[in-house]
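To start, the structure itself, in structure tokens.
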Amino acid sequence: MEVILATVIFIISYVFIMTEKINRAVVALSGGALLLLTGVYSANEMFMHYIDWNTIALLFSMMLLISITEKTGLFSFIAIRFAQRVRGSPIPLFIGVSILTAIGSALLDNVTTVLIFVPIILKVTKQLSLPAFPYLLIIIFSSNIGGTATLIGDPPNIMIGQAVDHLTFLSFVNHLAPLAIIIFIIMLALMVLLFRGTLTAQKTNIHELMAMDASSFLVKSPMLYQSVFVLVLTLSGFMLHSILHIELTIIALSGAILLLLLTEKEIETEHIFAKVEWVTLFFFIGLFTLVGGLEEVGIIDEMARAIVRSTEGDFSKTAILILWISGLFSGIVDNIPFVAAMIPVIEEFESYGMVYLDPIWWSLALGACLGGNATLVGASANVVVAGLAEGSNQKIPFIRFMLYGIPFVLFSLIISTIYVYVRYLIPYMSQGL
């Protein structure tokens with residue numbers, strides 16, 4: 001009975017999350033509450049074992065850091081100044097926005113990055129009378145590809161990094177960034193070829209853009225310098241945390257608290273806390289409780305056994321299967337709940353004799369992050385971009401996005417398959433492991 005209850009509650013919750021008819025955080029939390037009420041697990045098990053508080057604290061800390069820095073106008077200044085540097089030329093602007101989004105998504109996180117850049121690019125495209133869709137499309141693709149490159153770039157990577165202690169910030173950069181760069185360059189070249197005929201601007205519109213004062217966006221106060229200092233310090237801590245032997249969560253929390261202390265006289269702490277994306281945080285909490293229900297009744301274990309049976313325990317087949325399953329599923333549903341469900345599945349592989357799981361973790365990260373480009377609901381960043389665009393009367397058609405997204409994801413997964421096979425599986429097989 002508990003198996004049926006956990007499964008039904010998970011599926012119903014998932015359907016409502018996908019349709020977005022009810023706030024997804026409310027849906028996820030309601031599912032967790034039902035699991036408690038039906039006795040699938042206890043409150044102690046839920047809070048102590050199934051909710052990953054490290055991930056929640058890390059996300060919360062980064063939200064605080066970015067919220068304070070955004071108040072300084074730094075991100076808006078950078079975007080406007082760049083548009084002026086390329087003199088409003090649509091193609092260089094297209095390329096530049098893509099590069100800035102990818103870099104920002106790798107160093108901050110993709111949701112935060114699109115929150116910063118989408119309002120600016122909507123303003124710039126309106127100023128130049130350019131079609132917004134190509135720029136919004138390239139921002140989504142770039143954010144998910146850039147987010148693939150680092151531990152903090154995409155929520156799935158954060159979750160994997162928290163689940164596997166030895167996968168450090170530099171590990172993600174070393175193993176995922178090379179492929180992310182390759183896919184990004186190919187994607188950018190293809191997008192420029194596809195849209196170069198529609199990206200033209202009138203001279204009068206360019207003159208108006210050039211007349212804008214980018215520095216007017218900056219709040220020139222001590223908070224600006226404090227924010228830049230703490231952000232750089234925190235990112236440096238991320239890159240050196242394996243040497244410093246300090247957990248990512250502690251580094252992020254320390255940075256957020258330090259910046260709150262430094263800026264307390266300039267901006268009210270209550271105002272900063274009000275800007276935190278609480279819906280996202282509570283969605284994560286509810287999501288962990290839903291997946292915890294599946295784990296509690298043994299469904300996760302059965303999924304692991306099914307994957308091992310389908311690949312007959314072959315290590316190479318398992319890695320490639322995880323890559324494609326995660327890529328295809330993440331295109332249909334948000335990649336966050338999928339990765340939350342898959343982490344305990346992969347952890348279970350150890351009981352089947354697979355002691356070297358790193359290539360499988362990289363396959364999961366690649367599939368989940370890159371697969372998010374398939375549809376508008378494939379990744380949190382996609383949903384954020386679509387919402388911001390709709391609020392500015394630039395709605396992104398779901399089907400039109402898929403016509404670009406699905407072929408690109410299939411291409412990305414093929415490239416990723418070659419990468420995983422050449423970099424990990426051939427050496428693994430040659431050593432006879």
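Hydrogens, waters and symmetry mates are skipped; everything else that's a heavy atom, side chains included, is used.
Of the residues listed (L29, V26, I56), the one engaging F282 in a side chain to side chain contact (heavy atoms under 4.5 Å, CB included) is L29, and it is the only one. Paired with S416 under the rule side chain to side chain contact (heavy atoms under 4.5 Å, CB included), one option of I182, L176, I320, L179 passes, and it is L179.
At a cut-off of 3.5 Å, with distance as the only test, a side-chain donor of S142 or S98 sits close to an acceptor on the other residue. Judged by distance alone, the side chains of W324 and T417 do bring a donor and an acceptor atom under 3.5 Å apart. Side-chain atoms of H166 and D358 form a donor-acceptor pair, as typed in the model, at a separation below 3.5 Å. Counting only N and O atoms by type, the side chains of S221 and E266 include a donor and acceptor under 3.5 Å apart. Under 3.5 Å, the side chains of N382 and N144 contain a donor-acceptor pair of N or O atoms. Checked by atom type, the side-chain pair S171/T168 shows a donor-acceptor distance below 3.5 Å.
Looking only at side-chain heavy atoms (C-beta outward), L233 and L258 come within less than 4.5 Å of each other. Side-chain atoms of W361 and L364, non-hydrogen and from C-beta on, do get closer than 4.5 Å to each other.
Aromatic rings of F60 and W278 (six-membered ring for Trp) have centroids within the 6.0 Å cut-off, being under it.
Nearest heavy-atom pair across N110 and S143 is CB-O, 3.4 Å. Between I145 and M187, the shortest heavy-atom distance links the atoms CD1-CE, 3.8 Å.
Note that CD1 of I158 is 8.5 Å distant from OG1 of T150, once rounded to the nearest 0.5 Å.
F141 and F408 have parallel rings, their planes meeting at less than 30° on a 0 to 90° scale where 60° marks the start of perpendicular.
Around the OH atom of Y421, the shell of radius 6.0 Å holds no more than 12 heavy atoms that belong to other residues, nucleotides or ligands. Atom CZ of F229 sits in a sparse spot, with 12 or fewer heavy atoms from other residues, nucleotides or ligands closer than 6.0 Å. Counting non-hydrogen atoms of neighbouring residues, nucleotides and ligands closer than 6.0 angstrom, the CD atom of E347 exceeds 12 such neighbours.
A donor-acceptor pair under 3.5 Å is absent between the side-chain atoms of S330 and the main chain of G327, judged by distance alone. A donor-acceptor distance shorter than 3.5 angstrom exists from the side chain of T113 to the backbone of S105, with no hydrogens or angles considered. With hydrogens and angles disregarded, no donor-acceptor distance shorter than 3.5 Å links the side chain of T101 to the backbone of I139. With hydrogens and angles disregarded, no donor-acceptor distance shorter than 3.5 Å links the side chain of W53 to the backbone of M48.
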- Task: Begin with the C-alpha distance, continue with both residues' side-chain angles, and end with the deciding distance and a verdict on ring pair (Phe, Tyr, Trp, His ring centres under 6.0 Å) for Y424 and F315.
- Result: CA-CA 11 Å; Y424 305 113; F315 179 81; 9.5 Å; no
- Task: Test ring pair (Phe, Tyr, Trp, His ring centres under 6.0 Å) on F195 and Y404 and set out the steps.
- Result: CA-CA 12 Å; F195 292 113; Y404 293 95; 5.4 Å; yes
Got a list of side-chain donor-acceptor pairs under 3.5 Å for residues 81-93, not counting sequence neighbours?
unit_1	atom_1	unit_2	atom_2	d
Q84	NE2	L209	O	3.2
Q84	NE2	M212	O	2.6

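Qualifying side chain to side chain contact (heavy atoms under 4.5 Å, CB included) partners for S254, counting only residues two or more places apart in sequence or in other chains: I250.
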